[in-house]
Chemist: 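Structure provided below as C-alpha cells; questions to follow.
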2 protein chains.
Amino acid sequence: MKKKRIFLVDDHRMILDGLQSLLENDDHFETAGTYTSAAEAIKYIDSLKPDFIITDISMPGMNGIEFTAEVKKKYPHIKIIALTMSGDAGMIEEMTAAGISGYVLKNTGRKELKESLEKVSSGEMFYSTEAAAAMLMALRQQKKLREEEEKAHLTPREKEIIKLIAQEYSNAMIAESLFISERTVETHRKNIFRKTNTKNIVGLIKYAMEHKLI
Amino acid sequence: MKKKRIFLVDDHRMILDGLQSLLENDDHFETAGTYTSAAEAIKYIDSLKPDFIITDISMPGMNGIEFTAEVKKKYPHIKIIALTMSGDAGMIEEMTAAGISGYVLKNTGRKELKESLEKVSSGEMFYSTEAAAAMLMALRQQKKLREEEEKAHLTPREKEIIKLIAQEYSNAMIAESLFISERTVETHRKNIFRKTNTKNIVGLIKYAMEHKLI
DNA sequence: AAATCAATACCGCTCTGCCGGGATTTTAAG
DNA sequence: CTTAAAATCCCGGCAGAGCGGTATTGATTT
C-alpha cells in the first residue's frame, strides 16, 4: 500500500528532525521533504507531490497562514496541519480561514500525530485537546476585545487623540499639534473616557494597549 | 576511544529528537539520555554519568538556570551548553553566573553543535555567532535599565505607590489604602517623578513597565 | 430635504495633581 | 550612640484636567 507523503515545514531544524523521527518506520506515512521556510517548501510541491503538510505558524518571511493560503489556492487537495505552541492560538481564526485542517502542539507524541493525520485524511478536522482548549480561550478573549472596541466606536480623531496622550502630550500640546482648540481636545477626551468606560489616564492607557490602539 | 556522553533536556520532545538525530553516528559524542524536564534529568545523572548536558532555558518547573546551578553544585565537572532562542538572551548573566559554558541557538546545525561540544570540552566558552550578538544586545539593554533604576533608587514605599497608581488609584485612595495622609502620597509622587525623570503619569507608567515594576 | 454623525468649540466651575519649599519621627546602618 | 535614610506630614499657591452641560458646522446617510 502506497504511503502518504508528508512535507514538514518549520524554521527550527530540530523541530523538523523531531517530527521526522516520529514518522520513521511508519506503515502509512512517510516524510517526503523537510523545509525551513515556506517559500522553499512551495518550490518542491509539484515535483514531490505531498498529500499532507505539517507546518509551523510563526516563521520568518512567509508565515504559516500565508503559506497555507498560497498552497490551498493551487493544491486544494493537500491537507495542512498546523504545528503550534499554545501562544499561537490567537491566530486560530486566520488559520482556519486559510484552510488548515488540524492543530497539534509541538509537544505532541507519535500517537497523537498519527491520529491527527488519519482524521484529517478522512476529511475531519483535528484538534489536540490542549491545542483546542488554548485556542478556544484565545478566541474568546479576542472576541471580547473586538466587541468592546466596536461598542466603544472610537472615531479616527479620537484614536489620534489617544495616540498623542500616550506620547505624553498635554491638552495644550495636542491642540497645537492638531491645529484645534484646547476645548476641542477636552471634549474629545471626555467622549473617549465615556466610550471606553475608563475614568483616568492610567485606565485609558491600559485600554489602548489591550486594544492595540498604541 | 570512549565516546563522551550527553544528556539532552528540553520540554519540547521534537527538539530532543532533533538534537538526538544531530548526534547520531558520531565518533566522539553520544546521547546518554533525553529528558523533558530538568528534575527528571537530575535523577539519572548518578547512574548514567553524562559528561555534557545540552539544555533549554525556558522550561516549566525547574528552568535551565536553576537546573544548571543545581547540577554544578554536585557535579562541577559536567559541562553545560544552553540551547537558546534569540529571545532567551536576556538571561545571559544569570546563565553565565550559574555556570553554563556555551550557548547555541535552536537553529544550530551538526557542525556548529560539534564545534561547541569540542570547545567546551577543552575548557573554552562557546557562543554561536548569532547567539553572541543577540546576547550582547540584550545585555546592554538590561544594564542600561538597571543603571537607570539604581540611579532612580526607588524605595519600597515608592514602588508600592507606583503599583497603586498603575491600578488607577487616586491620591486619596492610595492614602486610604496605605493608612497614610494624602499629603504624604503627594510627596511620594513628587519624589518618584524626580527620581525617574518622568513628568507625568503616562511617562511614569511607561517607565514602570520597562523596569518591570508593575 | 431631513436626519444623523463627526468634528469643532465654548461655558463656569470643581477637583486633582503638581510645585517648591519646609519639617518631624521612625528605622536602619555604622 | 550617632548618623543617614526612609517615611511621614504640612503649607500656600497654581496649573492642568475633568465635569456636565450646550451649541454650530459640514459631511454623510437615509
Side-chain angles (χ1 to χ4, degrees), chain A residues 145-214, chain B residues 145-214:
Chain A
L145 286 185
R146 195 169 50 256
E147 276 171 359
E148 275 179 9
E149 199 183 331
E150 278 176 9
K151 199 171 174 179
H153 194 50
L154 294 163
T155 69
R157 197 59 147 176
E158 283 164 350
K159 289 174 175 174
E160 197 168 7
I161 301 285
I162 290 174
K163 285 194 175 84
L164 293 176
I165 290 172
Q167 289 169 34
E168 302 174 58
Y169 280 55
S170 65
N171 285 353
M173 290 162 74
I174 294 172
E176 192 178 349
S177 83
L178 296 183
F179 304 100
I180 61 180
S181 163
E182 197 173 332
R183 292 293 199 174
T184 302
V185 178
E186 280 175 29
T187 302
H188 281 309
R189 288 173 75 122
K190 213 176 355 176
N191 291 334
I192 288 166
F193 282 130
R194 180 171 51 78
K195 288 180 173 185
T196 58
N197 272 324
T198 58
K199 50 184 189 292
N200 54 34
I201 287 300
V202 176
L204 179 59
I205 293 298
K206 284 179 171 177
Y207 176 100
M209 282 179 169
E210 273 193 340
H211 295 80
K212 308 219 190 308
L213 297 176
I214 56 175
Chain B
L145 286 184
R146 197 174 42 259
E147 276 172 359
E148 278 180 7
E149 197 180 336
E150 277 177 9
K151 200 172 177 181
H153 194 49
L154 293 164
T155 68
R157 197 59 148 173
E158 285 164 348
K159 288 175 176 173
E160 195 168 8
I161 301 284
I162 291 173
K163 284 194 176 86
L164 293 177
I165 290 171
Q167 289 169 35
E168 301 172 58
Y169 281 53
S170 66
N171 284 354
M173 292 161 72
I174 293 171
E176 191 178 350
S177 83
L178 296 182
F179 304 100
I180 60 180
S181 161
E182 199 174 331
R183 292 293 201 175
T184 301
V185 177
E186 280 176 28
T187 302
H188 280 309
R189 289 174 76 120
K190 213 181 352 181
N191 291 334
I192 288 167
F193 281 131
R194 181 171 51 77
K195 289 180 172 184
T196 58
N197 271 325
T198 58
K199 49 186 190 292
N200 53 38
I201 285 300
V202 177
L204 178 60
I205 292 297
K206 284 179 173 177
Y207 176 100
M209 282 180 169
E210 274 192 344
H211 296 81
K212 305 213 192 309
L213 297 176
I214 55 177

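Note: hydrogens, waters and symmetry copies are ignored here, and every other heavy atom, side chains too, is used. Throughout, protein chains are lettered first and strands after them, A, B, ... in sequence-line order, and every chain is numbered starting at 1.
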Chemist: Return the value, rounded to whole Å, for the distance between atom CG of A:Asn191 and atom P of C:dA9.
Modeler: 14 Å
Chemist: May I ask you to verify if any side-chain N or O of B:Asn171 is less than 4.0 angstrom from the OP1 or OP2 atom of C:dG17?
Modeler: yes
Chemist: Could you work out which one of C:dC18, C:dA7, D:dT8 sits closest to the side chain of A:Pro156?
Modeler: C:dA7
Chemist: Report yes if a side-chain nitrogen or oxygen of B:His188 is closer than 4.0 Å to either non-bridging phosphate oxygen (OP1 or OP2) of D:dA7; otherwise report no.
Modeler: no
Chemist: Tell me the interatomic distance from B:Glu186, atom CD, to D:dG13, atom C1', rounded to whole angstroms.
Modeler: 12 Å
Chemist: When you compare the side chain of A:Glu186 with that of A:Asn171, does any pair of heavy atoms fall below 4.5 Å?
Modeler: yes
Chemist: Starting at atom CZ of B:Phe179, determine the distance to atom P of D:dA7, rounded to an integer number of angstrom.
Modeler: 17 Å
Chemist: Please pick, from D:dA17, C:dA6, C:dG17, the nucleotide with the shortest atom-to-atom distance to any side-chain atom of B:Arg189.
Modeler: C:dG17
Chemist: How many whole angstroms separate atom CD1 of B:Ile192 from atom P of C:dG17?
Modeler: 13 Å
Chemist: Just the rounded figure in Å: distance from C1' of D:dA6 to CD1 of B:Ile180.
Modeler: 12 Å
Chemist: Taking the side chain as everything from C-beta on, heavy atoms only, tell me whether A:Leu178 gets closer than 4.5 Å to A:Arg157.
Modeler: yes
Chemist: Let me know the distance between CD1 of A:Ile174 and P of D:dG18, rounded to the nearest Å.
Modeler: 10 Å
Chemist: Describe the nucleic acid contact of B:Glu182 in one word from base, sugar-phosphate, nothing, applying a heavy-atom distance below 4.0 Å.
Modeler: nothing
Chemist: Is there side-chain contact between A:Ile214 and A:Tyr207, with at least one heavy-atom pair below 4.5 Å?
Modeler: no
Chemist: Rounded to the nearest angstrom, tell me the gap between atom CD1 in B:Ile165 and atom P in C:dT16.
Modeler: 15 Å
Chemist: Does a side-chain N or O of B:Thr184 approach OP1 or OP2 of D:dC10 to a distance below 4.0 Å, or not?
Modeler: no
Chemist: Does A:Arg183 reach a base, just sugar-phosphate, or nothing at all? Heavy atoms under 4.0 Å.
Modeler: base
Chemist: Taking the side chain of B:Arg157 as heavy atoms from C-beta outward, which of D:dG18, C:dA6, D:dT8 is closest to it?
Modeler: D:dT8
Chemist: Think A:Ser181 has a side-chain N or O under 4.0 angstrom from the OP1 or OP2 of C:dC10?
Modeler: yes
Chemist: A side-chain contact here means heavy atoms from C-beta on lying under 4.5 Å apart; do A:His188 and A:Ile165 qualify?
Modeler: no
Chemist: How long is the gap from CD1 on B:Ile161 to OG1 on B:Thr187, to the nearest 0.5 Å?
Modeler: 10.0 Å
Chemist: For B:Ser170, which contact category applies under a 4.0 Å heavy-atom criterion: base, sugar-phosphate, or nothing?
Modeler: sugar-phosphate
Chemist: Is there a donor and acceptor pair, one atom on the side chain of B:Thr187 and one on the base of D:dC10, closer than 3.5 Å?
Modeler: yes
Chemist: Is there, by distance only and without an angle test, a donor paired with an acceptor across the side chain of B:Lys190 and the base of C:dG21 below 3.5 Å?
Modeler: yes
Chemist: How many Å lie between CZ on B:Phe193 and P on C:dG17, as a whole number?
Modeler: 10 Å
Chemist: How far does CD of B:Glu158 sit from CD of B:Glu160, to the nearest 0.5 angstrom?
Modeler: 11.5 Å
Chemist: What nucleic acid atoms does A:Glu158 come within less than 4.0 Å of, heavy atoms only: base, sugar-phosphate, or nothing?
Modeler: nothing
